[in-house]
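Quick note: residue numbers are just sequence positions, from 1.
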Amino acid sequence: METVSQTRSHEGTQGVYSHASKLTGTEMVFSVYVPQHKEGETLPVLWYLSGLTCTHANVTDKGEFRAACAEHGIIFIAPDTSPRGDDVPNDEAYDMGQGAGFYVDATQKPWAEHFQMRSYIERELPEIIAANFPVDMTKQGITGHSMGGHGALTIGLRNPDVFKSISAFSPIVSPLNCPWGEKALSGYIGDNRQAWRQYDACALIEDGARAREILVDQGLADNFLEEQLKPELLEAQCKAAGIDLNLRRHGGYDHGYGFISTLMADHVAWHAARLKT
């Protein structure tokens, strides 16, 4: 692991780091905020998965999480959204390729060689984090925005023994039922829609995945709400499965970081209460 930068913030350390990933075959960059803590102490972890076109830098620069993480003693980890580089396949559109990994393990050419973001987030990066930071890996929560909200929901639901708390900002709740998902999953996974179900929060719940509770915040002025996000589908599945979903709808808020930063401290506190119990 290489240190790209480190700065002091709220008595803790905000760092940006890179490493050579065996899974993606590329250099991967991520950020970690570590609050002030006692020597030898380990802290709970909150993962944040970013949305389309983003890198680790979007939430690191605009997410306004550090004060809350310092208050509650939470380490905040922000990975990139895809492999990157001159030799990495890309698409001319913003919703496929670099910046749009969708947190899947691709099986189709030309994506399969590098786009292994599910395994990168579930296996490889946690090993890097555990080896280099004062983390308590028995206390992990996960959240994310938009495509990253989809990632947080699906990874959290597939790994209930790892992630003790799950939340999301404006998530894509059902890629099987929206244009973004149709394009990404057909391109990365192929035409077998049954294989897509492991990457769809609503399908995972329908197929038996469970979480004790989920927190979702959604802006009602979000221009992607009706066509791409469709939170009512998650609401219906959670109700049928008996999952305690707190879906909070907010008038006037759009899809951007003004909305996310408004509610970030609330999400950090929500995760902290569950990770420290």
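Using the six-membered ring where Trp is involved, Trp111 and Phe115 have ring planes that are perpendicular, over 60° apart on the 30 and 60° scheme. Ring pair Trp180/Tyr94 is perpendicular by interplanar angle, where above 60° counts as perpendicular and below 30° as parallel.
Using a cut-off of 4.0 Å between Lys/Arg side-chain N and Asp/Glu carboxylate O, Lys239 and Glu232 are scored as not salt-bridged. A salt bridge links Glu235 with Arg249: the closest approach of a Lys/Arg side-chain nitrogen to an acidic carboxylate oxygen falls below 4.0 angstrom. Salt bridge annotation for Arg248-Asp266: present, with a cationic side-chain nitrogen under 4.0 angstrom from a carboxylate oxygen.
Partners of Glu206 by salt bridge (Lys or Arg N to Asp or Glu O under 4.0 Å), not counting sequence neighbours, listed by chain and number: Arg197. Listed by chain and residue number, Arg274 satisfy the salt bridge (Lys or Arg N to Asp or Glu O under 4.0 Å) test with Glu213 (two or more places apart in sequence, or in another chain). The side chain to side chain contact (heavy atoms under 4.5 Å, CB included) test applied to Thr13 returns Gln6, Arg8, not counting sequence neighbours. Remark: Glu27 pairs with Ser18, Ala20 by the side chain to side chain contact (heavy atoms under 4.5 Å, CB included) rule, at least two apart or across chains.
Listed by first and then second residue, the ring pair (Phe, Tyr, Trp, His ring centres under 6.0 Å) pairs involving residues 227-250 are His250-Phe259 (not counting sequence neighbours).
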Practice task
Kindly indicate, with the supporting measurements, whether the criterion side chain to side chain contact (heavy atoms under 4.5 Å, CB included) is fulfilled by Phe76 and Gln14.
Solution key: CA-CA 9 Å; Phe76 191 96; Gln14 176 64 67; over 6 Å; no
Exercise for the section: Tell me, with the steps shown, if Ile172 and Leu229 meet side chain to side chain contact (heavy atoms under 4.5 Å, CB included). Expected result: CA-CA 4 Å; Ile172 304 169; Leu229 307 180; 3.9 Å; yes
Exercise for the section: Could you check His267 against Phe169 for ring-ring contact (aromatic ring centres under 6.0 Å, His included), going step by step and ending with a plain yes or no? Expected result: CA-CA 9 Å; His267 277 242; Phe169 301 87; 3.9 Å; yes
Problem - Check against ring-ring contact (aromatic ring centres under 6.0 Å, His included), His145 and Phe224 - result: CA-CA 13 Å; His145 168 235; Phe224 300 116; 9.2 Å; no
Could you list the donor-acceptor pairs under 3.5 angstrom formed by side chains in residues 48-59, with sequence neighbours left out?
from: Tyr48; atom 1: OH; to: Tyr257; atom 2: OH; distance (Å): 2.9
from: Thr55; atom 1: OG1; to: Ala57; atom 2: N; distance (Å): 3.0
from: Asn58; atom 1: OD1; to: Thr55; atom 2: N; distance (Å): 2.9

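No hydrogens or angles considered: nothing links the side chains of Thr26 and His114 as a donor-acceptor pair under 3.5 Å.
Counting non-hydrogen atoms of neighbouring residues, nucleotides and ligands closer than 6.0 angstrom, the OH atom of Tyr253 reaches no more than 12 such neighbours.
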